[in-house]
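Chain naming here is simple, since letters A, B, ... match the order of the sequence lines and numbering starts at 1 in each.
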Amino acid sequence: MDTSVSPATQTTDTPAVQQAPKVQARKVNVFYGNKQALFDVNLDIPDRSVTSFIGPSGCGKSTFLRCINRMNDTIDICRVEGDILLDGKDVYARDVDPVILRASVGMVFQKPNPFPKSIFDNVAYGPRIHGLASNPEELSEIVETSLRRAGLWTEVADRLDEPGTGLSGGQQQRLVIARAIAVRPEVILMDEPCSALDPIATARIEELIDDLRNNYCIIMVTHSMAQAARVSQHTAFFHLGKLVEAGPTEQIFTNPNDKRTQDYITGRFG
Amino acid sequence: MTETAKPISTKALIAASLPRRYRAEQRFRLYGRAAILLAISALALLLFSVGSQGFTAFSIYRFNLPLQLDAKLIDPKHTADPKVIAKGRYRKLIQKALSDAFPEVRSRSDKRALYAFSTGLNSVDLRNQVVKNPSLIGTQIRFTAPLSDDLDLYLKGKITPRKFGKGDGTLTASAPGPKTLTLTGQPGAFEALIQHIRQKRLVQASRLETRAEKLRERIKGANKEVAVVQQTEIKRLENLAADMRQKAKEHTIHLDKLDPSILIDFNQGFIKAIKLSDHQITGTPLLSPTSLEPTQNWQSLTLDSPERARRVTDKQAAWAEALLARGHVKRSFNSIFFTHADSREPELAGIAGAMVGSILTLMATMLAAVPIGILAAIYLEEFAPKNRLTDFIEVNINNLAAVPSIIFGLLGLAVFLNMFHMPRSAPIVGGLVLALMTLPVIIIASRAAIKAVPPSIREAALGIGASKTQTVFDHVLPLAAPGILTGTIIGLARALGETAPLLMIGMVAFIADIPKSLTSPATAMPVQIYLWASSAERSWESRTAAAIIILLLLMIILNLTAVFLRHKFERRW
Amino acid sequence: MAALVVVMLLAWFNGRTKAMASAGAHPSTLHSLPGYSGTYLAIWSVLPAFILLALFGLFGDLLLNLQMRQNLPADIRALPVEQVELFMRNARALAFGGTASETSTALQEAAKAYANLSRISNFVVIGAVILLTIGGFLYARGRLGKNFRARNHVEAVIFGVLVVCSGIAILTTLGIVLSLLTESLRFFSEINALDFLFGLKWSPQTALRADQVGQSGSFGAVPLFAGTFLITFIAMVVAAPVGLYSAIYLSEYAKPATRRIVKPILEILAGVPTVVYGFFALLTIGPFIRHAAETVGLSAQTQSALSAGLVMGIMIIPFVSSLSDDVINAVPQALRDGSYAMGATQAETVRNVVFPAALPGIMGALLLAISRAIGETMIVVMAAGQSANLTANPLEPVTTVTVQIVTLLTGDQEFDSAKTLSAFALGLVLFIITLGLNIVSLRVVRKYRERYD
């Protein structure tokens, strides 16, 4: 057990973060059956910026990400201990409804997963189920704004009726982001959003992420340190289920406190 | 930015929609549960209705009477010639034994009713006994045979429930006339019976009234002529109902043909009530009491369905009760059902013939389908080149598996019977038809089993110099055997339950012998079930259900064997 | 047969010994294991003879019949086809010690000739079998030796047998198609195919005497198609929602333990023989429907389209549910996750994402179920009735294609009459429809699987 670093305090100490953190984790432990996947994670994540989780595969970064919008609820054997606070409110509290939580904490997955529906219906999916639009015009408006924000509008404006599965990989991923934006979330979780894409598509997504950070709190899992360095303002390093170090990206990449971070970043393991 | 201002309202919107959405969620979940529940309860209902029906057929009432093997009726000239003995008048002997049990039965019609207790075919059994052991002639034996099916049903309470009422107080008898008997008990002794009749009459009346009411509803829209005709019918029904209501008020009940029958068991006799009051019954003896001594030991027997609406008369019921009381009729395990083939008489019909037929048919199926199926699977999985032909074979097999079974029956009829002139109704033909039907199942299962054997086994065998054939037969096949066996058993179990193709090749004939070979006429269990189910008489119903129970048990045994084998030999690579 | 088995064993041991002998003291110098030499010898001794026997068993009768027919007296040959058939049947019965339905001198003579002919042919065949056995044995024995590649030869034979076995599936299909086609063509030569397919009246009974009125019978199959359709429709109305909802519940909601118990129970429904369902319909459902209909003032009979359809629906539930279950399980988890991450409830996810994704596969499953329902025989024979009623009222008895096939072919039948032949025409229609449905649905399901693999 490493006690030399207290990442939570570390983050709050950094001058880059002035306002209250959007997401806070306090002593989060996660178990899959008898196996513990996360150990005592404490972390503050600021609003309106991109925070990257890095670390070798199987280190628990995705698990932690899925705790934030309670996606782990869908796995029967998964158990979460500790508190995760969104705007100071525990998301695992009894009176928090996962439906509302997930509407305000959107998620984008590793592999683009557009629904087998038209492009329009894909984006309209969230507003429809949540009843966000009171009439068709409003719905079209939401769809258009979302697609514009995801930078996809110009490419698909004339073929909204075509199936979303017919788009290219990068377009699909942007469609999925538009789908997430359409319900007006506050936080967007991204689980290795570019790992299934080619470099050009990746670059477009990265641009998009950079755009979006003005309005959203974006939390991103990535296995590419270069991407973390390029896109994010804050970085957290996970190793073997523990949060080793977190802080402003520059500091983590140039002057890490922990030896393991240093080793990982310089490519000694992982 | 508009969005930044909106989150609160978004959350509120969603929160407002939540109750509705969770209700929808609950409903959806409920539909799923209801669907499963529906399917399971359909199965339960099926099993229950078959089980409750079939259960009664596993026991049967047999009569057991002293029977004088009168030489005059068997071998009057004392020739001792088996041929003469075989021609004896055994039916007459059985009838005499029945008459002896009730000496007072004199009239022809009564005698005929009494003889109906034993089917004529029982004489065959008696003849066989005597032919086998001629020294019995002239002696008295105890003859046991199944009671005829109607009386069996009566005693099982399936014709109308036998409701007994324990007698209260002493009952004295007097005989005012030759054919009447008056029974007097303590006041209120018959109150319950009177109440019962009254209530029945009221129920009857209200039933008539509902019918009249329905007719009245219906003629509202009808044209005038129909209305006039219906009007009289309505009138008639209403009059009948009013009459019934009136009669329900009678102080002394006069039983008529629409009323239940009330029999009083008095000193080993049975008196049928005609007039019924609070403490006195006047009636005709169906079976004379042994004495008219007063007794406390009496009981009433109420048969709710009126005599003319059932197949067993009050007299027959009284005789059956008397035989039961004397110990001459007993309920015992229905061994006949398991040892006999089909018969025209339900009480002598058994499932053994059909069972042997099924076994023979299944043997033929197995002999034909299993080797061919396994060899075909081996070829397709291990040797076949990937080309158009093998693709075609594959599509072919998949489609054959979904061809309706009756089509295979047509194929059997056209090819095996009409082209090759194979015998009709023979298990060999049935077996071949079912073999063609099960072949795709076996091939598909065997291929899956062979495919599951990891390639490393093959590589190892080939690596030490075995030929491809040796590899497959010595190494792959033994490992795939449990899977193949399981698939085969499941296929055979399905063949066991198949009916339609067998109908096409004439296995529906009435066959009263247990088949002896693959070419002798036979029927199979599902076909026997079909035949019995289409018979009108009530007593076939329970036998059909019993046959179904046995068929299902056989299928369950086969399937459990398959499951057991799978578990025992299951191997994970 | 038994003799052949004995010969086979003898040959095997002999071949083995000879191979061992040829190798002398070093069995390992043999090319193939000695057992293979034995098998080689056994195959050569028995297989040719066996093939001859099998051919004789299959076609001997046919040849005999042809031969006999040519030798029949002219006056008998002049008789109509059915009577010649009858004559032949009687002659055959007499010749082999059976009982004939009539006797005459001509018949006696024919019978004698028949018996003679069959005796001669039997002798010939037995002689040929013995010759083939000895010849095969000697030929093969001559070839055995130290360097003889017995194994390769044996394997070639095995390979041949394998190919033949897998060809039987094609042979079966071919047999079905040919037998249905030839008999149907004979039927259509008497009855116009259009009248058959579009005629509204079905009363296939042909009169006993030729001079009876209306003896031709009418073969308009539309009432049968309508009945089949009605019952299939009712069955699907029951089976589709119940099967689908069960599948959805089992794959999306149920705990693994529940699933482990419920799935086999549902599959029992598919294993129950159809004749049992027929009995159930006749005994329980039919009377129940009649009573229920009467209490609401409708008239109904024990045999009705509704009772047959309901029970058939119950039978088909597991087909729909297990196929749909497979299909739903094949929908990638990523799609579900995507929906949950949007804040959709489970029901919304299933309805709006999983179900549309699985739809092609589910359609395939439903098509298979429909084909099953159309071809189902025993339930409708027992529960739907026989009267060719052109009605849409589910409380009335209707008849179906399969019921008519059974009724036409199980009563007293004279072969070659339009009545019996019409059963084959119906069979052909049934075969074409179910085959079409099967091909389409199998293709749809396969396409679907490929999409998500």
Side-chain angles (χ1 to χ4, degrees), chain B residues 21-22 24-25 28-29 31-33 35-36 38-40 42-43 46 49-50 53 214 372 375-376 378-380 383 393 396-400 402-407 410-411 413-415 418 420-421 436 439-440 443 467 469 497 499-500 503-504 508 526 529-530 533 541 544 548 551 555 559, chain C residues 58 61 151 155 158-159 161-163 165-166 168-170 172-173 175-176 179-180 183 242 245-246 248-249 253 262 265-266 268-269 271 273-276 278-280 282-284 297 314 317 345-347 368 371 375 377-378 382 402 405-406 409-410 415 424 427 430-431 434-435 438-439 442:
Chain B
R21 290 168 66 190
Y22 279 126
E25 171 77 35
F28 194 70
R29 221 176 262 233
Y31 292 153
R33 281 211 191 104
I36 287 173
L38 199 74
I40 291 178
L43 179 66
L46 174 99
S49 77
V50 168
Q53 273 289 325
K214 273 208 185 114
I372 293 179
L375 292 177
I378 290 175
Y379 176 74
L380 292 175
F383 293 98
I393 293 181
N396 219 308
I397 289 171
N398 284 336
N399 279 323
L400 268 187
V403 166
S405 60
I406 194 169
I407 301 280
L410 287 175
L411 171 75
L413 175 62
V415 173
N418 292 330
F420 293 141
H421 293 292
L436 292 182
L439 201 55
I443 293 180
S467 72
T469 318
T499 322
L503 298 184
M504 297 290 93
V508 274
I529 290 167
Y530 167 61
E541 248 172 40
T544 313
I548 289 177
L551 177 65
M555 295 185 73
N559 280 306
Chain C
L58 282 178
D61 229 25
R151 195 186 75 202
E155 283 180 355
I158 292 176
F159 193 72
V161 171
L162 290 182
V163 173
C165 283
S166 47
I168 286 191
I170 293 189
T172 310
T173 313
I176 290 176
S179 58
L180 289 181
E183 308 288 341
V242 175
Y245 270 111
S246 308
I248 288 173
Y249 189 83
Y253 288 99
V262 173
I265 292 181
L266 287 186
I268 292 177
L269 279 175
T274 52
V275 69
V276 177
F279 180 70
F280 178 56
L282 204 59
L283 183 88
T284 312
I314 294 173
I317 290 172
T345 63
Q346 212 166 348
L368 264 187
S371 132
T377 309
M378 293 320 292
M382 293 166 83
T402 48
I405 295 176
V406 169
L409 291 182
T410 49
F415 212 71
F424 284 92
L430 183 66
F431 181 69
T434 49
L435 189 71
N438 292 340
I439 290 178
L442 284 177

Interatomic distance, OG1@T469(B) vs CD1@I158(C), rounded to 0.5 Å, equals 5.5 Å

Which distance, rounded to the nearest 0.5 Å, do you find between the CG of L38(B) and the OG of S246(C)?
8.0 Å

In terms of heavy-atom pairs under 4.5 Å, which option from A24(B), P440(B), P526(B), S405(B) contacts chain C the most?
P526(B)

Minimal non-hydrogen separation, G497(B) against P273(C), with atom names
O-CB, 3.4 Å

Whatever's closer than 4.5 Å to a heavy atom in chain C on E541(B) counts as both

Over all heavy atoms of both residues, which pair between G175(C) and L411(B) is shortest? Give the atoms and the distance, please.
C-CD1, 3.3 Å

For F431(C), is it the side chain, the backbone, both, or neither that has a heavy atom closer than 4.5 Å to a heavy atom of chain B?
both

Side chain, backbone, both or neither: which part of V276(C) has a non-hydrogen atom closer than 4.5 Å to chain B?
both

Distance from I170(C) atom CD1 to I397(B) atom CD1, nearest 0.5 Å?
8.0 Å

After noting the C-alpha distance and the side-chain angles of L180(C) and I407(B), does the key distance pass the side-chain contact (heavy atoms from CB on, under 4.5 Å) rule?
CA-CA 9 Å; L180(C) 289 181; I407(B) 301 280; 4.2 Å; yes

Inter-residue atom distance F279(C).CZ - L46(B).CG, 0.5 Å rounding
10.0 Å

What pair of heavy atoms forms the shortest contact from A39(B) to V242(C), and how long is it?
CB-CG1, 4.4 Å

Given that the side chain runs from C-beta out, which part of I176(C) has a heavy atom under 4.5 Å from chain B: side chain, backbone, both or neither?
both

Proximity breakdown for L400(B) and chain C, heavy-atom pairs closer than 4.5 Å
side chain

Between T377(C) and T499(B), is a side-chain contact (heavy atoms from CB on, under 4.5 Å) present by the stated rule, with each step listed?
CA-CA 9 Å; T377(C) 309; T499(B) 322; over 6 Å; no

Which one, L503(B), T544(B), N396(B), leads in non-hydrogen pairs under 4.5 Å with chain C?
N396(B)

Hey, is OH on Y31(B) packed in by over 12 heavy atoms from elsewhere, all under 6.0 Å?
no

With heavy-atom distances below 4.5 Å as the criterion, would you say the side chains of Y379(B) and F159(C) are in contact?
yes

Could you go through the side-chain contact (heavy atoms from CB on, under 4.5 Å) check for F424(C) and L413(B) one step at a time?
CA-CA 10 Å; F424(C) 284 92; L413(B) 175 62; 3.8 Å; yes

With chain C, which of A35(B), A42(B), A500(B) has the greatest number of heavy-atom pairs at distances under 4.5 Å?
A35(B)

Can you measure from CG (L269(C)) to CG (L43(B)) and round to the nearest 0.5 angstrom?
4.5 Å

Which pair of non-hydrogen atoms, one from A533(B) and one from M382(C), has the smallest distance, and what is that distance?
CB-CE, 3.4 Å

Nearest heavy-atom approach of V508(B) to T410(C) is CG2-CG2, 4.3 Å

Begin with the C-alpha distance, continue with both residues' side-chain angles, and end with the deciding distance and a verdict on side-chain contact (heavy atoms from CB on, under 4.5 Å) for L409(C) and L410(B).
CA-CA 9 Å; L409(C) 291 182; L410(B) 287 175; 3.4 Å; yes

Non-hydrogen atoms of G32(B) and Y249(C) that approach each other most closely:
CA-CB, 3.8 Å

Contact origin within T402(C) toward chain B - heavy atom pairs under 4.5 Å:
both

Spacing of I393(B) atom CD1 and T173(C) atom OG1 [to the nearest 0.5 Å]:
10.0 Å

Which region of V161(C), side chain (C-beta onward) or backbone (N, CA, C, O), has a non-hydrogen atom less than 4.5 Å from a non-hydrogen atom of chain B, or is it both or neither?
side chain

Among L368(C), L266(C), T274(C), L283(C), the residue with the most heavy-atom pairs under 4.5 Å to chain B is L283(C)

Which atoms of I36(B) are under 4.5 Å from chain C, going by heavy atoms: the side chain, the backbone, both sets, or neither?
both

Per-residue contact mode, L282(C) against chain B (heavy atom under 4.5 angstrom)
side chain

Determine whether a donor-acceptor pair (N or O, by modelled atom type, separation under 3.5 Å) exists between the side chain of E25(B) and the backbone of Q346(C).
yes

For T345(C), is it the side chain, the backbone, both, or neither that has a heavy atom closer than 4.5 Å to a heavy atom of chain B?
both

The interface call for I372(B) against chain C, heavy-atom contacts under 4.5 Å, is both

Side chain, backbone, both or neither: which part of I439(C) has a heavy atom under 4.5 Å from chain B?
both

Measure L439(B) against the heavy atoms of chain C and call it side chain, backbone, both or neither at under 4.5 Å.
side chain

Between I168(C), I314(C), I248(C), I317(C), which has the largest tally of heavy atom pairs under 4.5 Å with chain B?
I168(C)

